[in-house]
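This report refers to the structure that appears directly beneath it.
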Amino acid sequence: MQKLQCSKEFMLHGSGLARHSLEIPFWRPPLKRKPATTAALLFLTVLLVAAFTSSSWIDTSSFFIENLRNKTIIISEKPKIPIQKIEIPLECTSSKNQTQTCPTNYPKTFQTEDLDPSSNPVCPDYFRWIHEDLRPWKTSGITRDMVERANRTATFRLVIIGGKAYVENYRKAIQTRDVFTIWGVLQLLRRYPGRLPDLEIMFDTEDKPQVRSSDYRGQNAPGPPPLFRYCGDKETLDIVFPDWSFWGWAEINIKPWHSILKDIREGNNQTSWIDREPYAYWKGNPFVDDRRQDLLKCNVSDQQDWNARLFIQDWILEGQQGFKQSNIAHQCTYRYKIYIEGYAWSVSEKYILACDSVTLIVQPKYYDFFMRSMQPVEHYWPIRDDDKCRSLKFAVDWGNHHKKKAQEIGKAAGSFMEEQLKMDYIYDYMYHLLNEYAKLLKFEARIPEGAVELCSEVMACHAEGIEGRKKKFMMESLVKGPSVSSACTLPPPYEPQALAAFVRRKINSIMQVKKWEKGYWDSLNKQ
Ligand SMILES: *[C@@H]1O[C@H](CO)[C@@H](O)[C@H](O)[C@H]1NC(C)=O
Ligand SMILES: *[C@@H]1O[C@H](CO)[C@@H](O)[C@H](O)[C@H]1NC(C)=O
Ligand SMILES: *[C@@H]1O[C@H](CO)[C@@H](O)[C@H](O)[C@H]1NC(C)=O
Ligand SMILES: *[C@@H]1O[C@H](CO)[C@@H](O)[C@H](O)[C@H]1NC(C)=O
Ligand SMILES: *[C@@H]1O[C@H](CO)[C@@H](O)[C@H](O)[C@H]1NC(C)=O
């Protein structure tokens, strides 16, 4: 029960800026475009003009243009062969006292509708960060020694050989984080059998990133250990991976992500933005971080109203009451929802962003695998960390006076969650990350002594505990059989200039909001 309190409670989180960009400099970055960006824009414009003028392109639908606004790419559509989707249920032994084994007849390969996977639609932009996360090993490759050194804090080592998964445990994880993380990888293997290379990864299920980049600078410094975890920050090199809650968080009754998305979608449909409470809402555990305690000072009282409505989440009490008050899908009833980091990043981020409310993100320190591609003012509203109450008051006032724009921001985040963060893409992200990682390995993976083979049957068939939710969530998130399509196409790395421009845009938006905020308070104080 102690663990529940001190670990990542759960209620708000955000990351955001790239490794290089968290400090906001007080200079005005040059607005001039770099020639390369201009050339790229010009090229894109030419393509778009061509697409619109040559209507035969569109009519024959030999090409379609996917999302001009999100600047993605013109994709040629290749013929598809229809494939019957097969379902392969778990092969469970009938009795619990019989040892559950892994089946030997799960398909080792699968056929897809796409004849040429390289012509599949390009994955969402946040996949580009895979290249950035692996960049430290781009020239050196990854040696066995580097991997072994990651055992300092690793929770487990995961080995994939010949499409089978083996796990060697080093230390106890918080709650069922390790269980559902490994479960996620096993589902990936069911989805894309035969398409994952042999590899070994070290995984740390704790919150805070560990591999400090400053320890690995200089000529004679050893290569950094590649360590997988759920979040990173600008000072560390940990490789970010989707967190366990995508497959469920049994302890606090949070269902797998695809079920939650469905619930939230239905919830969003029931209350339109305009009918929601016109305040900023937060509910969470304030005891994990001082910044959260600080946030609570902004709560409404007899003396003050910063437009914030803040509540303490007591998970233990909630558990005793059957989680009646903590249904995530019922927490989309305010126009504004605050995300603030806890001990590190917080899982709550995606649930908040999915609400179609305006997410107010208190300047984050950490990032997860998708947040780096979201833009302030486009997908969320940035809140100052050093002046939270005034910042919140302004944000809510601004939104209530710019309702159309505010709704657009809320909707942009909701659509991002629903479209770009759907489970298909979570698997594709893991698929590409692990494939790119494995390309860097300079040694042959081997099964360590003391490792056990794990498959969905061994984990799920006789799973017990946490009031049956472990098994329930596993069955709910089970991949039913091989996919009928291959993964999306991994976009190339950012050009350095494009990355710099992206980061600059983010910084500029945050600075812009700070200016508006200052103007707002200056004018109020003059009155
Ligand atoms: C791109 O943006 C449009 C409009 O905002 C949206 O409908 C579409 O789903 C987005 N596509 C992707 C891949 O983000
Ligand atoms: C296994 O369980 C069954 C009932 O579930 C019981 O009849 C049997 O005696 C058990 N066998 C052993 C070896 O425990
Ligand atoms: C970690 O790796 C080092 C170097 O290979 C080894 O000496 C040590 O025993 C390992 N520690 C654990 C906990 O496995
Ligand atoms: C909910 O969905 C229905 C059917 O799609 C639609 O007619 C209705 O306007 C939606 N309600 C809200 C509040 O979005
Ligand atoms: C914040 O204020 C509301 C309304 O008065 C109250 O219900 C709530 O308990 C307060 N939250 C905290 C953390 O004190």
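Atoms within each ligand, like the ligands themselves, are counted from 1 in listed order.
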Could you go through ligand 5 and note, for every N or O atom, any protein N or O atom closer than 3.5 angstrom, writing the atom names and distance to 0.1 Å, or 'none'?
from, atom 1, to, atom 2, distance (Å)
ligand 5, 2 (O), N299, OD1, 3.2
ligand 5, 2 (O), N299, ND2, 2.5
ligand 5, 11 (N), N299, ND2, 2.7
ligand 5, 11 (N), L310, O, 2.7

Salt-bridged, [X] to [Y], with N to O below 4.0 Å?
{"X": "K411", "Y": "E408", "value": "no"}
{"X": "K255", "Y": "E476", "value": "no"}
{"X": "E378", "Y": "R505", "value": "yes"}

Taking the ring centre of each residue, are F369 and F246 less than 6.0 Å apart?
yes
Give a yes or no on whether the ring-centroid distance for W247 and W257 is below 6.0 angstrom.
no
Can you classify the ring geometry of Y126 versus F416 as parallel (below 30°), tilted (30 to 60°) or perpendicular (above 60°)?
tilted
